[in-house]
Amino acid sequence: MLEITRIRSEKEAIIEGLKKRHFDAKPIIDDILTKDESWRSLKSNMESILSEMNASAKNIGLLMKDGKKEEAEKAKSEVSKLKDQEAKLKSQVDELEKEILQLMYLLPNVPNELVKAGKNELDNETVYEWGKTPNYNFEAMPHWDLAKKFDLIDFELGVKVTGAGFPFYKGKGAKLQRALITFFLSEAEKSGYTEYLSPHVVNEASGIGTGQLPDKEGQMYQIPIDGLYMIPTAEVPLTNIYRDVILPSEDFSIKMTGYTPCFRREAGSYGKDVRGLNRLHQFDKVEIVRIEHPSNTAKALEEMLEHVKGLLEKLGLQYRILRLCGGDTGFASAMTYDFEVYSAAQQKWLEVSSVSRFDTFQANRLKLRFKTADKKTQLVHTLNGSALALPRILASLLENHQTKDGIIIPEVLRPFTGFDKID
RNA sequence: GGAGAAAUGGCAGAGUGGUCGAUUGCACCGGUCUUGAAAACCGGCGUACCGCGAGGUACCGGGGGUUCGAAUCCCUCUUUCUCCGCCA
């Protein structure tokens, strides 16, 4: 959520910035500012009445003490009138507050200056490429065929037990999955991230804190009887650790990592894009989250990109990095880099990581702040990224490292898998 | 699941209807003293919103209520602790 003070003072810049998303913010912002103005004047009215009431109450107390009962009774009846006025004003103020908040929720984050204007994924910029496409001298199989051939993943069993998009991993498939998780966590630890094993369901306040709620609840699996939500990413529990926190000094840099399953309802996707592991309702992911001083955000983002690059290179997977255009950048993000791995067998790029800086957008909702040197409170910056999402990594690993007689496990994973080949 | 107790500022801990946004101690920050440090002493020390400012308003786990007035009384929810039951 953008800060109301910023909307007041940088109205034009925000409208301009949001044009890069093809988002017309002007009517919303105008509406907000009009409501904000009447909110302020009503509120100031209300508060002066409250002030009067407080003074009278105090006075009545003194009169009672002095035994001046009649005067006290008279004062009481006068206060009652104020009370009615106050109640009327309060309901108006509350109503306006609610309306303003609803409008604020509609405004996405303002894109960073590096972000290009654009409508959709076609306008994304490729900023980095690494690796070569494998040259198969045989008919390369897509991962769903490989998974079947080597009995690594059972999609039908998932359908039987749960539903589509909830696969079972079996045997070496399950082990490979577990090895990847451990590998990613140990790499994150080497880069200075503290590991957390978090709850996999969260309450409403947490959903609001990271922006899934109030309007994207349809993307999450819900447990209404307990008011809980299955997490769509570890970002939610990890970032919410710091909800309503004021860090005591400017000197901080919080680096967290965590493995969790991620649950996504993802309604409305069909066809070959969702084939196999390409899109699931439940998948595993290792996430990295950072909470930074605003002056350190650019550097932190750079470090996160380097970290993810390292992972993909160690796994020997050809990849490219895209800087998303305005229209393709997530609602809360100021700038996002997507990592895509090339799947030669499917002949397409698969998104395996998304690294974003949110600046104060999440911190504002989270009320996550720090104390400046001169004792002021200021919002922190948050960042996060996948490092990495498992299914498509598994898919490209199987596809890109397949040979005629089996799948070669990358060197770095062997200590974790305990085998070097699937055949 | 049943019975009881509790929730106050970074922590500890007062406060049961009227200058209480809240006594006090510790912690923390600034100052005096000191060659330096400690001790001692003095001062400061929550958050948010409105206002150019003076200042005002709200917040004592959350929400609601009673009252001229609520940290204090009532209802409700949540959480924690103790006991019983059940259980990995």
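Just the heavy atoms: all of them, side chains too, but no hydrogens, waters or symmetry mates, feed the values below. In what follows, chains carry the letters A, B, and so on, assigned in the order in which the sequence lines appear, proteins first and then strands, with residues in each chain numbered from 1. Quantities reported herein were computed from a predicted structural model and do not represent experimental measurements.
Proximity of R8(A) to the phosphate of rC50(B): a side-chain N or O atom is located under 4.0 Å from OP1 or OP2. An OP1 or OP2 oxygen of rG69(B) is reached within less than 4.0 angstrom by no side-chain nitrogen or oxygen of S56(A).
Distance check on atom P: rG43(B) versus rG36(B) gives 24 Å, rounded to whole Å. Comparing rC83(B) with rG61(B), their P atoms sit 26 Å apart, to the nearest whole Å. If you take atom P in rG65(B) and the same atom in rG15(B), they sit 29 Å apart, rounded to whole Å. Rounded to the nearest Å, the gap between the C1' atom of rU8(B) and that of rG4(B) is 22 Å. With P as the reference atom, rG56(B) and rC41(B) are 33 Å apart, rounded to whole Å. Nucleotides rA22(B) and rU78(B) are separated by 25 Å at their C1' atoms, to the nearest Å. Rounded to a whole angstrom, the distance from the C1' atom of rA71(B) to that of rC20(B) is 8 Å. A gap of 14 Å separates the P atoms of rG64(B) and rA70(B), to the nearest Å.
Put simply, CG on L96(A) is 14 Å from C1' on rC50(B), counting in whole angstrom units. Whole-Å rounding puts the D36(A) CG to rC50(B) P distance at 7 Å. For M104(A) and rC49(B), the CE to C1' distance is 13 Å, given to the nearest whole Å. Here the P atom of nucleotide rC49(B) and the CD1 atom of I4(A) are 11 Å apart, to the nearest Å. Summarising the geometry, the separation between CG on N203(A) and P on rC77(B) is reported as 18 Å, rounded to the nearest angstrom. The nearest whole Å value for the distance from the CD atom in E37(A) to the C1' atom in rG51(B) is 14 Å. Across the protein-nucleic acid pair, E86(A) atom CD and rG69(B) atom C1' stand 13 Å apart, rounded to whole Å. The distance from atom CZ of R369(A) to atom P of rG46(B) is 14 Å, rounded to the nearest whole Å.
Contacts of E99(A) classified as side-chain contact (heavy atoms from CB on, under 4.5 Å), with partners at least two apart in sequence or in another chain: K35(A), E95(A), L96(A). Here A188(A) pairs with Y193(A), T257(A), I288(A), H307(A) under the side-chain contact (heavy atoms from CB on, under 4.5 Å) rule; sequence neighbours left out.
Taking the six-membered ring for Trp and thresholds of 30 and 60 degrees, F252(A) and H293(A) have ring planes inclined between 30 and 60 degrees apart.
Closest to the side chain of K58(A), from the set rC50(B), rU19(B), rC68(B), is rU19(B). With distances taken from any side-chain atom of K83(A) to the nucleotides rG18(B), rC50(B), rU67(B), the minimum falls on rU67(B).
The shortest non-hydrogen separation linking F150(A) to D423(A) is CE2-CA, 3.5 Å. For the pair N120(A) and C325(A), the tightest heavy-atom approach, listed with the atom from each and the gap, is O-SG, 3.3 Å.
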Distance-only check: which donor-acceptor pairs under 3.5 Å involve side-chain atoms of residues 169-181 of chain A, not counting sequence neighbours?
unit_1	atom_1	unit_2	atom_2	d
K170(A)	NZ	D151(A)	OD1	3.2
K170(A)	NZ	D151(A)	OD2	3.1
K172(A)	NZ	K421(A)	O	3.1
Q177(A)	NE2	D284(A)	OD2	2.9

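M53(A) comes within 4.0 angstrom of nothing in the nucleic acid, heavy atoms only. Using a 4.0 Å heavy-atom distance criterion, I246(A) is classed as a sugar-phosphate-only contact. If you check every strand for non-hydrogen atoms under 4.0 Å, S41(A) touches nothing.
F184(A) is listed as a side-chain neighbour of L311(A), based on a closest heavy-atom distance under 4.5 Å. Looking at heavy atoms from C-beta onward, Y196(A) lies in side-chain contact with I241(A) at the 4.5 angstrom threshold. With a 4.5 Å cut-off on side-chain heavy atoms, Q346(A) and W144(A) count as touching. Contact of the S354(A) side chain with the D338(A) side chain is registered, since non-hydrogen atoms from C-beta on lie closer than 4.5 Å.
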Pull out every protein N or O sitting under 3.5 Å from an N or O of nucleotides 52-62 of chain B, one pair per line with the distance.
unit_1	atom_1	unit_2	atom_2	d
rG56(B)	O3'	S51(A)	OG	3.2
rG56(B)	N2	E47(A)	OE1	2.9
rU57(B)	OP1	S51(A)	OG	3.4
rU57(B)	OP1	N54(A)	ND2	3.3

Between protein and nucleotides 27-29 of chain B, what N or O pairs are separated by less than 3.5 Å?
none

Intra- and inter-strand pairs of RNA chain B in dot-bracket (Watson-Crick or G-U wobble, both distances under 3.5 Å; | for another strand): ((((((((.[[[..)..(.....]]].(((((.......))))).(((((....))))).[[[[[..)....]]]]])))))))....
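Side-chain contact, E313(A) with Y319(A): a donor N or O sits under 3.5 Å from an acceptor N or O.
The distance from atom CG of L103(A) to atom CG of D36(A), rounded to the nearest 0.5 Å, is 11.0 Å.
Note on E411(A) versus R414(A): salt bridge recorded, some NZ/NE/NH1/NH2 to OD/OE distance being below 4.0 Å.
Place I60(A) and A57(A) on RNA chain B by their nearest nucleotides, and A57(A) ends up nearer the 5' end. Toward the 5′ end of RNA chain B lies the nearest nucleotide of W39(A), the other residue of the pair W39(A) and A75(A) mapping further downstream.
Screening Q282(A), R265(A), H281(A) for a side chain to side chain donor-acceptor pair (under 3.5 Å) with Y221(A), the sole residue that qualifies is H281(A).
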